[in-house]
Amino acid sequence: MSRSRGHTIMEVGPDGVAIITIVNPPVNSLSYDVLRSFKENFDQALQRDDVKAIVVTGAKGRFSGGFDISAFGAQKPEERPKPGWLSVEIITDTIEAARKPLVAAIDGLALGGGLEFAMACNARLSTPTAKLGLPELQLGIIPGLGGTQRLPRLVGLTKALEMMLTSKPVKGKEAFSLGLVDGLMSPDDLVNTACQWALDIMGRRRPWIASLYKTDKLEPLGEAREILKFARAQVQKRAPNLQHPLVCIDVIEAGVVAGPRAGLWKEVEASEGLIKSDTSKSLIHVFFSQRGTSKVPGVTDCGLVPRHVKKVAIIGGGLMGSGIATALILSSYPIILKEVNEKFLEAGINRIKANLQSRVKKGKLTQENFENTVSLLKGTLDYESFKDVDMVIEAVVENVSLKQQIFADLEKYCPPHCILASNTSTIDLNLIGERTKSQDRIVGAHFFSPAHVMPLLEIVRTKQTSAQVVVDVLDISKKIKKTPVVVGNCTGFAVNRMFFPYTQAGLFLVEHGADVYQIDRVITKFGMPMGPFRLVDLVGFGVAIATGMQFIQNFPERTYKSMLIPLLQEDKRAGETTRKGFYLYDDKCKPSPDPELKNYIEKARSFTGVSVDPKLVKLQEKDIIEMTFFPVVNEACRVLDEGIAVKGSDLDISAVMGMGFPPYRGGILFWADSLGSKYIYSKLEKWSELYGEFFKPCAYLAARAAKGIPLSASVEQANSRL
Ligand SMILES: NC(=O)c1ccc[n+]([C@@H]2O[C@H](COP(=O)([O-])OP(=O)(O)OC[C@H]3O[C@@H](n4cnc5c(N)ncnc54)[C@H](O)[C@@H]3O)[C@@H](O)[C@H]2O)c1
Ligand SMILES: *[C@@H]1O[C@H](CO)[C@@H](O)[C@H](O)[C@H]1NC(C)=O
Ligand SMILES: *[C@@H]1O[C@H](CO)[C@@H](O)[C@H](O)[C@H]1NC(C)=O
Ligand SMILES: *[C@@H]1O[C@H](CO)[C@@H](O)[C@H](O)[C@H]1NC(C)=O
């Protein structure tokens with residue numbers, strides 16, 4: 001028997017208003033069970049003579065976070081209601097057309113299906129802070145319960161398109177000014193006012209509105225066509241690989257041109273198709289995987305409760321330290337920033353202020369909040385104020401003996417419970433803690449630069465790091481709105497290690513005759529924010545060579561040793577900061593191809609003794625993509641096999657959030673599994689015979705391919721298939 005997914009409760013007050021409450025913790029999502037239960041209660045309310053009007057609200061101050069996504073795949077085909085049952089039969093012909101008025105009382109979230117349900121009510125009241133939006137496009141589908149039809153009729157096409165295409169919610173206050181809600185109330189007055197409002201509609205003291213047939217907010221047809229045309233062009237430019245935003249615009253247009261009922265049916269038909277698409281399967285996988293990264297077997301399933309971290313110290317106010325400090329004060333953590341002298345301290349504090357200022361400029365922070373946020377920051381040159389810190393994040397330059405000294409000092413000055421985190425990217429954490437007795441509270445916190453912007457945090461644990469400390473850092477990462485991945489110690493951790501072959505493959509192809517700019521074009525068309533060469537230019541050749549050295553040391557057999565980057569650097573071409581690298585950069589940092597580059601490539605070839613391979617000169621797009629990403633997949637398999645990552649889906653999220661791998665391809669291993677382990681293995685095997693060990697498939701990949709098992713399946717899942 002399947003478990004029930006939520007229900008509704010009805011209470012009828014002496015005023016004759018039935019209050020139906022959605023109960024499906026934690027966000028009161030709409031499942032088929034919730035909707036069936038709502039319909040039963042609603043039918044009863046319509047039949048009862050003592051009920052004059054109806055109010056719908058969500059339990060515990062949350063209206064509804066949306067349609068239950070886990071129900072999409074879970075339903076057996078024979079259990080799925082017929083197309084249109086929900087959006088036409090229930091929402092439109094039963095609820096919106098009822099002979100007693102229904103008012104939505106919205107607090108907390110009204111997202112996706114939640115807002116669509118509310119839009120079918122005859123009026124909506126909300127709190128000023130409630131969040132209302134239609135984020136379905138983020139999941140590769142379109143708003144499904146009539147949202148594509150009702151939102152344009154409530155707020156006009158332009159705003160409706162913006163809300164749907166960006167998936168961004170609006171606050172109650174803005175929703176009121178847009179006409180999406182009819183009144184703003186405090187949470188305490190919300191339900192009572194909604195009851196009175198519903199009675200007023202019944203008594204014809206307020207208008208009785210069916211949103212689906214409203215026309216006053218819709219732009220005239222000619223203007224509407226222009227708006228839709230413009231939206232299509234923008235979508236095609238911004239997301240050329242995605243179909244569903246265009247489908248969404250088509251469905252909206254159908255309603256504008258042929259009327260709302262035609263639009264509703266077109267929405268039903270389009271939704272049926274999109275839910276089966278690879279794009280939506282990938283995006284839904286990313287959605288669940290992202291929520292799954294904070295579940296770590298043996299750590300988060302032992303009943304440990306995160307300790308309250310009240311005060312954090314950061315050592316080093318450089319690029320990383322100031323970025324980390326910015327992220328923390330933005331989430332209300334009081335911070336102590338320690339530097340070596342007044343000059344560096346001031347520079348660090350100024351960097352933090354500049355980070356905050358740029359948020360003020362972008363309208364993400366008010367001037368008043370800027371002042372409040374800055375006041376959380378205290379600078380220091382010694383350890384005096386470290387006696388009550390709960391966590392220290394070390395972010396000084398990469399120097400083992402310096403870091404060892406700092407950790408020995410920290411052990412002296414910090415309380416014994418204090419978490420000691422290092423932001424090191426290259427130094428062994430065990431080595432850093434060697435001179436201390438505190439190895440159980442030492443942990444790595446690998447932020448990506450700039451730390452206050454990039455969404456991922458790698459939490460690096462050693463064998464000694466205690467589960468409690470990992471639980472604590474997971475909690476902090478949630479509070480500073482970073483997606484955490486818990487990883488083990490290895491060169492490059494998860495993200496940089498997996499993506500090391502990304503640049504390497506590019507260098508290999510170019511030395512064998514492929515074109516730098518074509519490779520970058522093909523890879524960006526695939527969906528990466530930038531190709532390998534543009535990326536190296538951005539990171540800078542100094543950093544690229546230093547990381548390259550580490551990989552050569554640790555994985556000599558599979559590192560492709562090219563002299564191209566060192567040769568360019570020797571000529572003072574070190575990437576974007578020098579305005580010259582693989583590209584030339586103008587004043588505005590706009591890149592353009594450099595005809596000179598071929599000279600360096602020829603020189604690099606003579607160093608390596610490589611000659612142009614005619615087969616690799618004119619490559620198909622598909623070949624460039626496979627030769628670039630299959631080595632990345634191969635390395636991801638090793639990371640999984642070595643237990644550096646806990647599960648395959650964590651690597652999918654690492655690729656998406658750490659490297660910008662297109663989420664609509666589901667992440668690196670999800671994408672690989674869509675092609676099949678056998679196929680990837682056979683390609684790598686063939687290339688390794690032709691071109692050497694860089695391409696050699698690892699044992700894990702070989703074993704999975706031999707049995708036809710997905711790369712991301714866990715060992716238990718894999719064994720159960722044998
Ligand atoms: N910058 C990046 O993109 C990036 C990315 C990943 C990892 N990392 C890692 O971050 C660390 C630092 O990087 P950065 O780019 O911010 O360097 P940076 O040189 O800009 O800043 C280092 C700062 O630490 C200060 N410092 C040195 N010793 C100190 C001490 N004993 N007490 C207090 N302050 C001290 C220095 O004065 C300097 O201001 C390194 O471990 C590095 O590997 C950096
Ligand atoms: C590393 O730090 C130590 C101790 O602070 C210092 O003596 C040494 O010169 C530093 N090494 C480098 C390469 O900067
Ligand atoms: C940590 O911070 C230092 C100084 O700000 C920086 O040089 C280094 O690259 C950072 N390392 C990591 C892993 O974030
Ligand atoms: C941690 O990783 C580094 C880099 O690969 C390695 O040198 C070191 O031995 C590792 N330490 C442990 C305990 O695995």
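Remember, predicted model here, so these are calculated numbers, not experimental data. Quick note: numbers below take in every heavy atom, side chains included, and nothing from hydrogens, waters or symmetry partners. Order of listing sets the numbers, starting from 1, for every ligand and every atom in it. For the single chain, residues carry numbers from 1 onward in sequence order.
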**Prompt:** With the threshold set at 4.0 Å, does a side-chain nitrogen-carboxylate oxygen contact exist between R307 and D390?
**Reply:**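 Salt bridge absent between R307 and D390.
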
**Asked** With the threshold set at 4.0 Å, does a side-chain nitrogen-carboxylate oxygen contact exist between E596 and K580?
**Response**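 Between K580 and E596 there is no salt bridge, as every charged N stays at least 4.0 Å from the carboxylate O atoms.
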
How far is [atom] from the closest protein heavy atom, and which atom is that?
atom	value
atom 14 (O) of ligand 2	N399 ND2, 3.4 Å
atom 4 (C) of ligand 2	S401 OG, 4.0 Å
atom 5 (O) of ligand 2	L402 CD1, 3.7 Å

**Message:** Is it true that, when you exclude Y413 itself, more than 12 heavy atoms of the residues, nucleotides or ligands shown sit nearer than 6.0 Å to its OH?
**Reply:**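 12 or below, so no.
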
**Prompt:** Would you say atom 9 (O) of ligand 2 has a protein heavy atom nearer than 4.0 Å?
**Reply:**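 Answer no: nothing from the protein, no heavy atom, is under 4.0 Å.
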
**Message:** Just verifying a value: how many Å separate T366 OG1 and E371 CD, rounded to the nearest 0.5 Å?
**Reply:**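 Interatomic distance, T366 OG1 to E371 CD, rounded to 0.5 Å: 9.5 Å.
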
